[in-house]
Amino acid sequence: MSENWKPTACVICSLNCGLEVQTEGGRITRIRADKNHPVSQGYLCEKAQRMDAYQQGRDRLSSPMRRRPDGSYEAIDWDTAITEVAARLAAVRDAHGGESILYYGGGAQANHLPGVYSQSTLAALGVRYRSNALAQEKTGEAWVQARMFGCGMHHDFEHAEVALFIGKNPWQSHGFPRARLVLREIAADPNRAMIVIDPRRSETAAMADYHLAIRPGTDAWCLAALAAILVQEGLENREWMQAHVVNEGPVLDALSRIPVSAFADVCGVDETLLRAAAWRMATAETLASMEDLGMQMGVHSTLGSYLHRLIIGLTGAFGRKGTSYAFVPFRPLGSGGGGGASGKTSSTSAPGERNFRRSPVTGFPVIMGLIPCNAISEEILTDHPHRFRAMIIESSNPVHSLADTARMREALRALDVSVVIDIAMTETAREADYVLPAASQFEKAEASFFNFEPEANAFHLRRPLFPPREGTLEEGAIHARLCAALGAFGEAEIAPLRAAAQQSLDHLAMAFMQLMGANPGLMRVASALLYSALGPALPEGMGNAAGIWGVAQLFAGAFPQEAERAGYAGPLAGNRLFEAILDSPSGVVFARQQAEDSWQRLRSPGGQINLYIPEMVEALQALDPQGPPRDPDYPFILSAGERRTETSNTSIRNPDWLRKGELVSTLRVHPEDAAMLGLADGAPVHIVTRRSRARTLVELHEGSRRGHVSLPNGLGLDVLSPGGEVQRHGVALNELTDYRWRDPIVGTPWHKYVPARIEPVG
């Protein structure tokens, strides 16, 4: 075994902390933190120690697969697969338009280059609609931010006096650099404070100065009460608001009439505690706040995102060190669409003209270029003339991860053609017409575009640890072949770029500009074209990084000041940045900025924060004084997906991930609820919803709230056993959920608010 440590990254959460690993054969044998990583700086949590489980997945593929009429699969060669997939997708496009093809995915955790290369294939097919996991969680937040700030936001907890977490447990989910260290620092400092809004006594809530242990689904009532206290007690930052806020009048009026005591009763939180938490936020010099899935997958999630940002606006917690700030993305995560960029959710169309700002059947707004995940089955299972008739699904598993698994399976089989690009035979792949096997994240150049740091923003291009598995291709090669088969470009376009790339990146830049000037339409397929031309000129194993050259050019053009501060200036700054990325195996700082620069990035009128969204104020005024809906036949509220120490994301399909002795998919129940039902720890039960039922084991958990139960995320996968049989490990959560349980504005699911009952087995 080589003693050389190789830089790479963890692929479990969005932080993608830097790792150094040792390998032997095809395995990762030793793992430690990478002190040279510019963001994680030697930080690591315990989950990264099991990275080899991802690489050793039992259901990995080694050949393209084609579905037979009887539902079984046969292996086919790559030339046949590319030819047939391109022909069948083109046939749908030619008959019904590219808008009848839906693209889902674009990259699993820390596997984002498919999202770069897929743009070329989608352009070649004329695809207009997309969706991915962000539409499960973040579109309500994006819709609100677009209309209030006009920019993306993140939060500086490292320097904040007060940290507010809404439906978030950063001890497990992280969400900002060195999360556990920062949490400990806040908890240990008597001059700082932590406020957590969460029904559970999570690891983070246990460290908090103020734990607002709300009833499940009452986030909006709690946030409305906090905002109302700020206004009614005169705690808002009036001087700051006069300089930075507009359209506050209707909002302040609405908040002045909120019945705080009644809302506290709905939340199940003592009013005195609510007022103390509001006072602590208002009197802090700096406040950083963050929401996550606990709220974003619950009742009134979009309203909750709005109220969260009202608190930011009322306390002046933006554009200063230790508050929220507008980050500088290396590449935007969303593209196109109305709500993400402009805040609009509809547009005027001429008679007979399609409105691509909304989904074709359900009419949900397109936000960040995405339609709601929960609407996909409705967009397929219909006789509507504009229904989706084909899907391309990449590095994603919607049959397992989207609400209502049975209905999603039905929808996939109703399509004219479905294509999955993935490393494994996932639950979704088992329903597709074609499965194209990709190399794993450790067998090609890969990266993540979650670049949210407040001052020194970094990008990490990872080098491959292993050669690609026989029979697989990296996504750049898959999409380049598909584009060529679709006639998007050919050798005549590739040859001059390839020749220039062999000389230098500066020659490539000139040749690229000349080619695009002569044929501007090629810009739509530039990423796949670059893979074919630049990929062969890159160091061995780094061909999949070719598309990053284009991303670097776009970034340097869009953010010249930030790039220059990081050392990349001049007309060829993008080339210098790309060279630095290639030469920095632990990552490189690509932008430098200050929190105060955030005001330059606000795209709202006058560079001020708009507090008034009419639909949100109406929703606030319409909040039911009785609280969220309840179903007497299903008296418990199930959180379908809780991050725990033993769980991961579903990219890791290998049950070897679980340590020996770890329980799988236990149902956490408060001991008093369990006693009421006559259940002991470890008792077998069925968790039952109106959609389905699943068998699991009870785990008595003092941190649970009465009436609130939870199952872990990342489990319930159907994977191959050592003997070759397909076995399920844990509860498949979305067999219990319903696609109709969703936010009425943006369609995000109610995964954290699933009415359920518990039935003892036997």
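We use all heavy atoms of the structure for the numbers below, so side chains are in, but hydrogens, waters and symmetry mates are not.
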**Prompt:** Does a salt bridge link Arg691 with Glu735, judged by any charged N lying under 4.0 Å from a carboxylate O?
**Reply:** no
**Request:** List the steps, then state whether side chain to side chain contact (heavy atoms under 4.5 Å, CB included) holds for Leu223 with Ile166.
**Result:** CA-CA 9 Å; Leu223 291 166; Ile166 307 163; 3.8 Å; yes
**Message:** Can a side-chain donor-acceptor contact be found between Gln441 and Asn111 if the only test is distance below 3.5 angstrom?
**Reply:** no
**Prompt:** Do Met281 and Leu164 come within less than 4.5 Å of each other through their side chains, counting heavy atoms only?
**Reply:** yes
**Asked** Would Met616 and Ile745 count as a side chain to side chain contact (heavy atoms under 4.5 Å, CB included) if you check the C-alpha gap in whole Å, the side-chain angles of each, and the deciding distance to 0.1 Å?
**Response** CA-CA 10 Å; Met616 293 291 92; Ile745 298 172; 3.0 Å; yes
**Asked** Would one find more than 12 heavy atoms of other residues, nucleotides or ligands at under 6.0 Å from atom CZ of Arg695?
**Response** no
**Message:** Quick one: does any side-chain atom of Thr737 pair with a main-chain N or O of Asp404 as donor and acceptor, under 3.5 Å?
**Reply:** yes
**Distance, nearest 0.5 Å, that separates CZ of Arg180 from SG of Cys45** = 5.0 Å
**Request:** Please say whether more than 12 non-hydrogen atoms of neighbouring residues, nucleotides or ligands are located less than 6.0 Å from CZ in Arg280.
**Result:** yes
**Item:** Distance in Å, Ser301 OG paired with Glu141 CD, rounded so as to fall on 0.5 Å steps
**Value:** 10.5 Å
**Prompt:** Hey, does the side chain of Asn397 reach the backbone of Thr426 with a donor-acceptor pair shorter than 3.5 angstrom?
**Reply:** no
**Item:** Lys/Arg-Asp/Glu bridge criterion (N-O < 4.0 Å) met for Lys138, Asp292
**Value:** yes
**Asked** So, are Arg668 and Glu702 salt-bridged, with charged N and O less than 4.0 Å apart?
**Response** no
**Item:** Polar contact flag, side-chain donor to acceptor under 3.5 angstrom, Ser305-Gln296
**Value:** no
**Heavy-atom check, side chain of Ile393 versus side chain of Leu412, under 4.5 Å** = yes
**Request:** May I ask you to check if Arg130 and Tyr103 form a cation-pi contact, with NZ or CZ under 6.0 angstrom from the six-membered ring centre and within 45° of the axis?
**Result:** no
**Message:** Suppose we screen for side-chain hydrogen bond (donor to acceptor under 3.5 Å, both in side chains). Which residues come up paired with Thr382, at least two apart in sequence or across chains?
**Reply:** none
**Message:** Against Gln172, only a single residue in Arg643, Glu642, Glu203 fulfils side-chain hydrogen bond (donor to acceptor under 3.5 Å, both in side chains); can you say which?
**Reply:** Glu203
**Item:** Heavy-atom closest pair, residues Asp59 and Leu720
**Value:** CA-CD1, 4.1 Å
**Prompt:** Does any N or O in the side chain of Ser721 come within less than 3.5 Å of the main-chain N or O of Glu725, such that one atom is a donor and the other an acceptor?
**Reply:** yes
**Item:** Charged N-O contact under 4.0 Å between Glu646 and Arg50
**Value:** no
**Message:** Measuring only between side-chain heavy atoms, which start at C-beta, is Tyr739 closer than 4.5 Å to Pro749?
**Reply:** no
**Item:** Parallel, tilted or perpendicular, as decided by the 30° and 60° cut-offs, for the rings of Phe157 and Phe176
**Value:** tilted
**Request:** Determine yes or no for a side-chain-to-main-chain donor-acceptor pair under 3.5 angstrom, with Asp219 supplying the side chain and Gly304 the backbone.
**Result:** no
**Item:** Intermediate values then yes/no, side chain to side chain contact (heavy atoms under 4.5 Å, CB included), His400 and Leu717
**Value:** CA-CA 8 Å; His400 180 80; Leu717 297 163; 3.8 Å; yes
**Message:** Does any part of the side chain of Leu212, heavy atoms only, come nearer than 4.5 Å to the side chain of Cys267, both counted from C-beta?
**Reply:** no
**Prompt:** Does Asn734 use its side chain to pair, donor to acceptor, with the backbone of Ser401 at less than 3.5 Å?
**Reply:** yes
**Message:** I'd like to know if the side chain of His670 and the backbone of Glu672 have a donor-acceptor N/O pair within less than 3.5 Å.
**Reply:** yes
**Asked** Could Arg147 and Glu615 be called an ion pair, given the rule that one side-chain N must be under 4.0 Å from one carboxylate O?
**Response** yes
**Fill in**
When every non-hydrogen atom of Val617 is compared with those of Tyr306, the smallest separation belongs to CG2-OH, 3.6 Å
**Request:** Report yes if the side chains of Thr139 and Met368 come closer than 4.5 Å at any heavy-atom pair, otherwise no.
**Result:** yes
**Prompt:** Between the main-chain N or O of Val361 and the side-chain N or O of Ser359, is there a donor-acceptor pair closer than 3.5 Å?
**Reply:** no
**Prompt:** Would you say the ring centroid of His300 lies under 6.0 angstrom from that of Trp221?
**Reply:** yes
**Asked** NE2/His708 to CD1/Ile637 distance, rounded to the nearest 0.5 angstrom?
**Response** 8.0 Å
**Item:** Minimum side-chain heavy-atom gap Thr428-Met408 below 4.5 Å
**Value:** no
**Prompt:** Strictly by modelled atom types, are His155 and Ser289 linked by a side-chain donor-acceptor pair under 3.5 Å?
**Reply:** no
**Asked** Checking side chain to side chain contact (heavy atoms under 4.5 Å, CB included) for the pair Trp657/Lys47: CA distance, chi angles, key distance, verdict?
**Response** CA-CA 9 Å; Trp657 159 268; Lys47 293 190 179 186; 3.7 Å; yes
**Asked** Do any N or O atoms from the side chain of Arg413 and from the backbone of Arg409 form a donor-acceptor pair under 3.5 angstrom?
**Response** no
**Item:** Heavy-atom pair of closest approach, residues Leu183 and Phe165
**Value:** CD2-CE1, 3.8 Å
**Message:** Can you tell whether the side chains of Glu291 and Lys168 come within less than 4.0 Å, N to carboxylate O?
**Reply:** no
**Request:** Could you pull out the closest heavy-atom pair between Pro755 and Asp631, with the gap in Å?
**Result:** CB-CB, 4.3 Å
**Request:** Classify the side-chain pair Ser665/Thr696 by whether it contains a donor and acceptor separated by less than 3.5 Å.
**Result:** no
**Residue pairs involving residues 741-762 (criterion salt bridge (charged side-chain N to carboxylate O under 4.0 Å, His left out); sequence neighbours excluded)** = Glu378-Arg742, Arg693-Glu759, Arg757-Glu759
**Request:** Looking only at non-hydrogen atoms, find the nearest pair between Ala414 and Ile380 and report the distance.
**Result:** CB-CG2, 4.3 Å
**Item:** Heavy-atom side-chain contact between Met297 and Val754 under 4.5 Å
**Value:** no
**Prompt:** Has the side chain of Asn654 got a donor or acceptor atom that lies under 3.5 Å from a matching backbone atom of Gln56?
**Reply:** yes
**Asked** How close do Asn16 and Val11 get, heavy atom to heavy atom, and via which atoms?
**Response** ND2-CA, 4.1 Å
**Request:** Flag the pair Asp656 and Arg58 as a salt bridge only when some basic side-chain nitrogen lies within less than 4.0 angstrom of an acidic carboxylate oxygen.
**Result:** yes
**Request:** Any chance you could measure Arg200, atom CZ, to Ser704, atom OG, to the nearest 0.5 Å?
**Result:** 8.0 Å
**Request:** Please answer whether the main-chain N or O of Pro635 pairs with a side-chain N or O of Arg630 as donor and acceptor at a distance below 3.5 Å.
**Result:** yes
